[in-house]
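Computed from a prediction, not measured in an experiment: that's the story for all the values here. Values below: all heavy atoms of this structure, side chains included; hydrogens, waters and symmetry mates excluded.
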Amino acid sequence: MTRSVAARRGGFLNTLSGRVLALTVAFVMLAEVLIFVPSIARFRADFLTLRLEKAQIASLAQLAAEDMVTPALEKELLANAEVYNVVLRRDEVRQLVLSSPLPTPISDTFDLREAGPWALIRDAFACLLDPDDQIIRVIGYPVQSAGLLIEITMDSAPMRNAMLDYGGRILLLSALISGVTAFFLFLAVQRLIVLPIRRVVNHMTAYAEAPEDARRVIEPTASVVELRDAEEAMHAMQTQLTGSLRQKERLAQLGGAVAKISHDLRNILTTAQLFADRIEGSTDPMVARAAPKLVGSIARAVALCESTLAFGKAEEPAPQLREVALATLAEDVAEGEGLAGEGPVTCLIEVPETLVIHADYDQLFRVLSNLVRNARQAIEATGVEGSIEISAGESASEWWVRVGDTGPGLPEKAREHLFEAFQGGARKGGIGLGLAIAAELIRGHGGRLELARSDADGTEFLVHLPKTIDSAT
């Protein structure tokens, strides 16, 4: 399927293998061109130098036996050297040693004694691009210091034909080298890069079909460092995602079960509320004082069950803001948690009696009750006496409530996922849901719940409630 998609998008050259193959051929050919340019220039220079040497040998034969060289032998010497004329300069005397008629005038002169690399390259390509056969003059140094200079005239066509033959062989060899190199590089890329990448893609496709199946999580096996890093990152991501999906599935199942339990519990509490209403009319003073608190507790329990049933359909309901005397709320929380009297755990409330905030009473009661309950349970787990402090105050922009304790502090693992459902449980047997709900309720007020401190001397939570929502009331 991957290959067909690549073919639809532009064919083989749009694949990694195709592009590597094309780039390899292109760069090898570029390297061969960079080699060819100086090579062809050097070939021309060597060709002309060889002509000069052959002409020098022919001229030395003439000088050695000048009276014995007949015109026919002179013509043969020139034909063997493939030149028309040979001029030697010895002892500052310029001497025409061998000569023959020129078919056409001399068109150009090349002095190899002072030719630099760029001049040789320029003259070589000028020769290749000129198809006409011309008579040229070549000047150079004689070999073995047999004079000051040697000068010859010759046809340019044989040199051009030799250069074309040499260049063709160089280009053919370059094409062969680039083809072989590209082929083996293509196989190497397929084996070392493309196949591991295709394996990763196949794993991603298989994992996408069933992300809950832990057997489909990729196992890093690549030998290439970069691919190994990619596989390890994907392994970590898939492992985390699979765990999250399983947790969400369990949460969904738990939500269904809690909704059923809350439905039945609401019915039971409704019945209990009817009896509590009757108790409220009792003539017994003790019962009359306790009845309102019992009715309030049952009413909150009923409301909590209804909220739990609504939780499966939506988030926590929006807070119903009204004026709340924070000192009274703190006392109700302490009494609800059994901290109103003497005991191993005491509750100190330092909230101004005149401090009134705008909040949802029931939701804020749940938040503070959760924080106080966690603190009480942490202290009781140590087996020593301790205290919980609830304090509050306000600034120009917010109200704040501080709940601190003298307990042992939160474990490191609990602090890492403190406000995540089923992750931040600090107490053995706890499910880590209370703080997550408390943080969500405070966010619904536009505020935030934060851990201010947690060490061996105790734990301290801070609730921030903004005043900017006063107009909502």
Side-chain angles (χ1 to χ4, degrees), residues 28-64 73-90 94-100 102-178 181:
V28 170
M29 292 302 296
L30 177 61
E32 293 296 337
V33 168
L34 296 177
I35 295 173
F36 172 80
V37 170
S39 296
I40 197 69
R42 176 49 54 188
F43 177 83
R44 174 182 172 276
D46 292 341
F47 184 91
L48 294 176
T49 301
L50 181 61
R51 286 295 177 89
L52 290 173
E53 292 176 357
K54 292 169 68 175
Q56 181 180 349
I57 293 172
S59 64
L60 290 176
Q62 169 69 10
L63 293 174
L73 180 57
E74 181 180 3
K75 183 177 181 180
E76 185 177 352
L77 290 173
L78 290 172
N80 288 333
E82 300 181 85
V83 298
Y84 290 105
N85 297 301
V86 180
V87 176
L88 280 176
R89 178 176 291 179
R90 305 174 69 183
R94 186 174 183 273
Q95 181 181 1
L96 179 62
V97 181
L98 297 172
S99 65
S100 63
L102 297 177
T104 59
I106 297 174
S107 63
D108 208 347
T109 298
F110 300 100
D111 192 345
L112 298 182
R113 297 174 301 172
E114 300 176 355
W118 293 113
L120 291 174
I121 292 174
R122 179 198 64 202
D123 295 339
F125 278 90
C127 179
L128 285 174
L129 298 175
D130 187 1
D132 297 331
D133 185 13
Q134 299 174 347
I135 302 298
I136 60 174
R137 177 187 289 116
V138 182
I139 303 173
Y141 289 113
V143 297
Q144 300 298 326
S145 301
L148 297 178
L149 66 80
I150 182 171
E151 177 183 317
I152 63 174
T153 54
M154 56 177 283
D155 289 322
S156 63
M159 179 176 64
R160 181 175 183 272
N161 293 334
M163 292 172 64
L164 289 174
D165 179 67
Y166 174 79
R169 286 185 280 112
I170 288 292
L171 291 177
L172 180 62
L173 181 61
S174 301
L176 180 62
I177 292 174
S178 65
T181 303

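- Using modelled atom types, one side-chain atom of Arg160 and one backbone atom of Leu128 make a donor-acceptor pair closer than 3.5 Å.
- Considering every non-hydrogen atom in both Ala41 and Ala124, the closest pair reads CA-CB, 3.8 Å.
- Residue pairs meeting the side chain to side chain donor-acceptor pair (under 3.5 Å) criterion with at least one member in residues 36-49: none, sequence neighbours excluded.
- Without hydrogens or angle criteria, Thr109 side chain to Arg137 main chain gives no donor-acceptor distance under 3.5 Å.
- Between Ser107 and Ile135 the shortest side-chain heavy-atom distance does not fall below 4.5 Å.
- In terms of heavy-atom proximity, Gln56 sits nearest to Pro142 at OE1-CA, 3.4 Å.
- Aromatic ring orientation, Tyr166 versus Phe43: parallel (interplanar angle below 30°, classes split at 30° and 60°).
- Heavy-atom minimum distance, Ile40 versus Val37: CG2-O, 3.2 Å.
- Residues Tyr141 and Leu112 are not in side-chain contact: their nearest non-hydrogen atoms beyond the backbone lie 4.5 Å or more apart.
- The closest donor-acceptor contact from the side chain of Asp130 to the backbone of Asp132 lies under 3.5 Å.
- The shortest distance between side-chain heavy atoms of Phe110 and Ile136 falls below 4.5 Å.
- At a threshold of 4.5 Å between non-hydrogen side-chain atoms, the residues Val87 and Ile152 do not count as touching.
- Put simply, NZ on Lys75 and CG on Asn80 are 12.5 Å apart, with the number rounded to the nearest 0.5 Å.
- Note: Ile35 CD1 to Leu173 CG = 9.5 Å, rounded to the nearest 0.5 Å.
- At distances below 3.5 Å, not a single donor-acceptor pair connects side-chain atoms of Asp165 with backbone N or O atoms of Asn161.
- Nearest heavy atom pair, residue Ala45 against residue Leu120, reads CB-CD2, 4.2 Å.
- Listed by chain and residue number, Arg113 satisfy the salt bridge (Lys or Arg N to Asp or Glu O under 4.0 Å) test with Asp111 (two or more places apart in sequence, or in another chain).
- Evaluated for a side-chain contact (heavy atoms from CB on, under 4.5 Å) with Leu52, the options Val138, Val86, Ile57 yield exactly one hit, Val138.
- The two residues Ala162 and Phe47 come nearest to each other via the heavy atoms CB-CE1, 4.0 Å.
- Checked by atom type and distance alone, the side chain of Ser156 never pairs as donor or acceptor with a backbone atom of Asp133 at under 3.5 Å.
- Side-chain N or O atoms of Asn85 include one that pairs as donor or acceptor with a backbone N or O of Ser100 at under 3.5 Å.
- Here the side chains of Met154 and Glu82 are not in contact, with every heavy-atom distance at 4.5 Å or above.
- Side-chain contact between Ser99 and Tyr84: absent, with no pair of heavy atoms (C-beta onward) separated by less than 4.5 Å.
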